[in-house]
Amino acid sequence: KLKQDFIMSEIRVESVKSIPLYSVVPLINHISYDSWLLRVSLFFSTEEIRQMVYVDFTDIIGFRVLDNGNLVEFWNDDCPNGWLWEVSDGGWFDLEKQREGFVTGYVEKDLLTEYLVIGTDDCISILSSSTPKITTVNTLL
């Protein structure tokens, strides 16, 4: 039986505070990618709110979608509020850096940002060298 040991640094995340509907966790409704743009469509629904938000990422190095149950290392008493996090240590980038073939791992970490979009069922990790653009769609009835 083969065993792989991954050395993960301590997880450090910070919530992006300048986002709409900061305290509501959305449903990740749709994801589209065309080599230039990754668009994440989020649906926010509470008794008072029914809202769509688009989060557009450019300059994508990679992204992955996982059921949030597969990211249990992030869910603890120290995790921040909000649905968009910047991951500075211990995330997907650091995990991928353990692979010899991950050539982006040789790039200075300051040249890219790892984001984590939190959804009710799924989460998306994004490696990008640009800040995401967030667009709020008019309130749905």
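Residues: numbered from 1 along the sequence shown.
- What you find for Thr58 and Leu37 is that their closest heavy atoms are CG2-CD1, 3.9 Å.
- Taking both residues in full, the closest heavy atoms of Ile118 and Gly82 are given as CG1-O, 4.2 Å, listed atom of the first, atom of the second, then distance.
- The two residues Pro132 and Leu84 make their nearest non-hydrogen contact at CG-CD2, 4.2 Å.
- Between the side chain of Ser15 and the backbone N or O of Asn81 there is at least one donor-acceptor pair closer than 3.5 Å.
- To the nearest 0.5 Å, atom OG1 of residue Thr136 and atom OH of residue Tyr54 are 11.0 Å apart.
- Atom CD1 of residue Ile124 and atom CG of residue Leu38 lie 6.5 Å apart, to the nearest 0.5 angstrom.
- Trp83 places a side-chain N or O within 3.5 Å of a backbone atom of Pro20 that can act as its donor or acceptor partner.
- When all heavy atoms of Asn29 and Met52 are compared, the closest pair comes out as ND2-CE, 3.8 Å.
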Item checked: side chain to side chain contact (heavy atoms under 4.5 Å, CB included) assessment of Tyr115 paired with Glu86 -> CA-CA 5 Å; Tyr115 295 96; Glu86 284 190 26; 3.6 Å; yes

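- Taking OG1 of Thr120 as the reference point, atom CG of Asp122 lies at 7.5 Å (rounded to 0.5 Å).
- Going from atom OG of Ser128 over to atom CG of Asp56 covers 11.0 Å, rounded to the nearest 0.5 Å.
- Atom-to-atom distance recorded for Leu66:CG and Ser125:OG is 6.5 Å, nearest 0.5 angstrom.
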Margin query: Between Ile28 and Asp121, is the side chain to side chain contact (heavy atoms under 4.5 Å, CB included) condition met? List the steps.
Written below: CA-CA 8 Å; Ile28 296 173; Asp121 298 320; over 6 Å; no

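- When each of Val16, Val13, Val117 is tested with Trp85 by the rule side chain to side chain contact (heavy atoms under 4.5 Å, CB included), just one qualifies, namely Val13.
- One distance of note links CD of Gln51 with CZ of Phe43; it measures 9.5 Å at 0.5 Å rounding.
- Panel note: side chain Ser130, backbone Asp59; no donor-acceptor pair is recorded below 3.5 Å.
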